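Before any comments, here is the structure.
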There are 2 protein chains.
Amino acid sequence: MKALADPTRRDILKRLNAGDLAAGEIAAACDMTAPSVSHHLNVLKQAELVASRRAGQSIIYSLNSTVVQEFLQELLDFFDIGENDDA
Amino acid sequence: MKALADPTRRDILKRLNAGDLAAGEIAAACDMTAPSVSHHLNVLKQAELVASRRAGQSIIYSLNSTVVQEFLQELLDFFDIGENDDA
DNA sequence: TAGATAATTAGACAAGCATCTAATTACGAC
DNA sequence: GTCGTAATTAGATGCTTGTCTAATTATCTA
C-alpha cells in the first residue's frame with residue numbers, strides 16, 4: 001500500500017502497464033537518476049507489484065498483473081463495495 | 001492516495017465503514033491521543049474520504065462512500081482491469 | 001457566569017523517505 | 001584481460017510526516 005503512495009512509483013506502474021521496460025528506459029522517462037529509479041523499483045519489487053529479468057546488460061521490469069488485481073480485490077473487499085446503502 | 005498510505009488512517013476508515021463515530025471514540029479505539037487522531041481525520045477530510053458533523057460537544061465522523069467508490073473506480077481504470085492479456 | 005468535557009490548533013521532535021553523487025558489480029565487445 | 005555500458009549498492013542530505021504535550025476554542029450544564 002505504501003508502495004503506491006509515491007507519485008513516481010505510480011508513474012512507473014502506469015508505464016509498465018503499457019509494456020515492459022528496461023531500468024534505464026524508466027529512468028529516462030521519469031527524468032530521474034538511475035539510482036533513484038532503482039530505489040523505487042526495489043520498493044515495487046518487494047511489494048511484488050513488479051518483476052524483473054535480466055536481458056544482456058539491461059534488466060527488464062514488468063508489471064505483476066496478478067498481484068495488482070489481487071490488491072485491488074482486497075481493497076474492494078475492504079470497503080464492502082456493492083453493499084446495501086439504503087438511506 | 002497518500003491519505004491511504006498510513007495504517008492508522010486505514011484503520012479509521014475501516015471503523016467508519018462499520019458506522020459513524022465521534023472523534024473521541026476513534027481516539028480510544030485507535031489507542032492514540034486526541035490530537036494525533038484529529039490530525040489523521042483532517043487528512044482524511046481534505047481527501048474528502050470522510051465528512052464531519054457536530055453533535056453537541058462531540059463531532060461525528062462518517063465515511064464518504066461516494067468518494068471512496070469513485071477513487072476505487074479510478075484505480076481500476078488506472079490499471080485497465082479486465083483488459084485482454086493474450087500472452 | 002463558572003466549570004467540565006470534547007475537539008482542534010500550535011509547536012516541537014524523531015523517524016521515515018525520496019533524492020542525489022560516488023563507488024561497486026555485472027555483462028558484453030574488443 | 002581491458003574497456004565501456006547498464007544497473008545496483010553505499011552513504012549523505014533535506015524534506016515530509018506521524019506523534020506527542022500544551023494551549024485554545026466550542027459546547028453543555030448547573
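Chain letters run A, B, ... following the sequence lines, proteins first, then strands; residues in each count from 1. Quantities reported herein were computed from a predicted structural model and do not represent experimental measurements.
Remark on DNA chain C: of its neighbouring residues B:Pro35 and A:Arg9, the 5'-side contact belongs to B:Pro35, judged by nearest-heavy-atom nucleotide.
Nearest nucleotide to the side chain of B:Ser36, out of D:dT19, C:dT19, C:dA6: D:dT19.
Within 4.0 Å of B:Ser58, counting heavy atoms only, lie sugar-phosphate atoms of the nucleic acid but no base atom. Contact annotation for B:Ala34: base contact, defined as any heavy-atom pair under 4.0 Å involving a base atom. In this structure, B:Lys2 reaches the sugar-phosphate backbone alone: every heavy-atom distance under 4.0 Å involves primed, P, OP1 or OP2 atoms, never a base. Counting any heavy atom pair closer than 4.0 Å across all strands shown, A:Asn42 reaches no nucleic acid atom. If you check every strand for non-hydrogen atoms under 4.0 Å, A:Ala27 touches nothing.
We find the CG-CG distance between A:Leu4 and B:Leu4 to be 9.5 Å, quoted to the nearest 0.5 Å. If you take CZ on A:Phe71 and CZ on A:Phe78, they are separated by 10.5 Å, rounding to the nearest 0.5 Å. Taken from NZ in B:Lys45 to OG in B:Ser38, the straight-line distance is 9.0 Å, to the nearest 0.5 Å.
Using a distance-only test at 3.5 Å, with no hydrogens or angles considered, no donor-acceptor pair links the side chain of B:Arg9 to the main chain of B:Leu44.
In this structure, the helix from C:dT1-D:dA30 to C:dC30-D:dG1 shows an angle of 20° between the axis at its start and the axis at its end, each fitted on 5 base pairs and rounded to 10°.
One finds a salt bridge joining B:Arg15 and B:Asp11 here, because a Lys/Arg side-chain nitrogen approaches an Asp/Glu carboxylate oxygen to under 4.0 Å.
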